[in-house]
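Data block below; observations after.
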There are 2 protein chains.
Amino acid sequence: MARSCDECGVRDRALCASLGDDELVTLGRLGVQRRLARGDTLIRAGDPPLVCANLQSGVMKIATLTPAGTESIVGLLYPGDFIGRPFATANEHDVIALTDVELCVFPRAMFERVLADHQRMEHLLLQRTLAELDRARRWLTRMGRATAAARVAGFLDDMGRRLAMPDCQRSALAGPDSQRSGGVARSMAYDLPLSRGEIADLLGLTIETVSRQMTRLRAAGIIGLPGGRGIVINDPSALAAAAEEYV
Amino acid sequence: MARSCDECGVRDRALCASLGDDELVTLGRLGVQRRLARGDTLIRAGDPPLVCANLQSGVMKIATLTPAGTESIVGLLYPGDFIGRPFATANEHDVIALTDVELCVFPRAMFERVLADHQRMEHLLLQRTLAELDRARRWLTRMGRATAAARVAGFLDDMGRRLAMPDCQRSALAGPDSQRSGGVARSMAYDLPLSRGEIADLLGLTIETVSRQMTRLRAAGIIGLPGGRGIVINDPSALAAAAEEYV
DNA sequence: GCCGGGCATTGATCCCGATCAAACCGCCCG
DNA sequence: CGGGCGGTTTGATCGGGATCAATGCCCGGC
């Protein structure tokens, strides 16, 4: 666990990238390092928003309990991502660790003051939030019209791309063992941070359907399932194509 | 159509609410008033983002064409809403008029400069974007797990609430003929700005299913369908309850 | 009036994914 | 080594919503 911001693995990827070294010292004093174990809850829906945070390592989920009691996952958080809902009166969603995670946590009121004082940081947060909104809306069209096969393929594709990004290399997960080179997607392997049940919650499917679609993709030679949560993407372009199967 | 910002119906509801009267004059010179007819496209997915705008009256949709060619609607825009995607290199979605609309349009680069100069406006945009993200995520859980009945009920409920808000009173739509008073929801009537097909695109259903669910709600006495696009909500609390039918 | 076209409703049937049910597979612990 | 337990896979059946098809309704043009 990083002692100071200098050692922070996401120093130039998180919102803090908008700060100079001197400002960072000030912010560093406000934030406290925290570890959460897999399954721990950082933020609970309905509670007043007490904290904001930067995710340093691991993966978290943004989720809600539906009236029927099943959980719906509406987003995932990766290293470097900002967590929390400044300016709100209540949290809309739970934020829960999918793996063991490391966080840099700030009291919300204090964080809002920092935002007001550092226009570049507020600006960066705006850009990210706009991008996140686009991403949520892309997800929305997938939830609206994609078949079960396309949802699973799209999920595996997205996850592969995300975990291939540099800031996930040093995370608790097994790193991808190969990379995209020269625009051509090469095969890669990684461990899913989610259980089958969580994937089902994310995709609006059941565990059984997720499992069946995965075995279909394996039977087609597109992916390998070495056991546990391991995934091998043998044919990334076929996977991407499978993700386009819309109604 | 308003000649100046003073006459603008959404002056204190749009992003401009963050500006003083003097600043408003400057901004007013940058913006140009535009009318669009029902069905006209303001922004096309894939194009570089040339414009931002404030919606003054009418309703618009944010939509994408799926690989299969059907349209998926990922959001609606009402009077006072901000339109556009500053800081992006390409538009992710189409923005299309559902009714005749009035807009106040700005060149994007110019609008970005205004944001940089007016921290309060950028702040307001951030707050709205965060709220919009929450709304998109709430929608996401509905798309993931709600039954067809709950989707339709939820849509009618949301639309009723939105059109009951003050800034829609003077729009091209028939205004609601009664209001919620003292926290108790009263019956109301309005005209839907969307066709059955558009509702289907929004909810990830087919036209036939939307139609059937509406007749079910009418048969239950919860709503009335006076013809055309008219909607009468007889029993708002029953409608809200029907919107909670999740898997 | 009468026709024609666009949208909405209603009906019949089909199919994908949910549900119910039963193995199967590590993995930890005795 | 056996047994139990959580998670995953596989199988059989069911049902909600899609699909295919026909009819109805409204409105505008002539």
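Just the heavy atoms: all of them, side chains too, but no hydrogens, waters or symmetry mates, feed the values below. Lettering of chains follows the sequences in order, A, B, ..., and the numbering in each one begins at 1.
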Could you tell me whether a side-chain N or O of B:T147 sits under 3.5 Å from a main-chain N or O of B:E245, the two making a donor and an acceptor? yes

Rounded to the Å, how far apart are B:R145 CZ and C:dA18 C1'? 11 Å

Kindly point out which of C:dA18, D:dT10, D:dA18 is positioned nearest to the side chain of A:L205? C:dA18

Heavy atom of residues 214-228 of chain A under 4.0 Å from DNA chain D: which residues? A:T215, A:R218

Please tell me if B:R212 has a side-chain N or O lying less than 4.0 Å from either OP1 or OP2 of C:dT10. no

Taking A:E92 first and then B:R135, would you say they form a salt bridge - that is, a charged N and a carboxylate O separated by under 4.0 Å? no

Can you measure A:E208 atom CD to D:dT13 atom P for me and round it to whole angstrom units? 16 Å

When rounded to whole Å, the CD1 to P distance for the pair B:I207 and C:dC7 reads 9 Å

Any heavy-atom pair between the side chains of B:W139 and B:L202 that's under 4.5 Å? yes

Would you say a side-chain N or O of B:S211 is under 4.0 Å from OP1 or OP2 of C:dA8? no

Choosing from C:dA18, D:dA21, D:dG17, which nucleotide comes nearest the side chain of B:V247? C:dA18

Walk me through whether A:L194 and A:F155 qualify under side chain to side chain contact (heavy atoms under 4.5 Å, CB included). CA-CA 11 Å; A:L194 294 81; A:F155 164 71; 4.2 Å; yes

Can a side chain N or O of B:T206 be found less than 4.0 Å away from OP1 or OP2 on D:dA18? yes

B:T147 or A:R196, whichever maps to the more 5' nucleotide of DNA chain D: A:R196

Side-chain donor-acceptor contacts of residues 40-51 of chain A below 3.5 Å, not counting sequence neighbours, with atom names and distances?
residue : atom : partner : partner atom : Å
A:D40   : OD2  : A:A37   : N            : 2.9

Please examine the side chains of B:M214 and B:L225, heavy atoms only from C-beta on, and report whether any two atoms are closer than 4.5 Å. yes

Can you tell me the distance, in whole Å, between the CG atom of A:L194 and the P atom of D:dT8? 10 Å

For atom CD of A:E245 and atom P of C:dC16, their distance in whole Å: 11 Å

Is there a side-chain contact between A:L133 and B:R137, using heavy atoms and a 4.5 Å cut-off? no

Could you state the CZ-P distance from A:R229 to D:dT9, rounded to the nearest angstrom? 12 Å

What is the separation between atom CD on B:E198 and atom C1' on C:dG6, rounded to the nearest whole Å? 13 Å

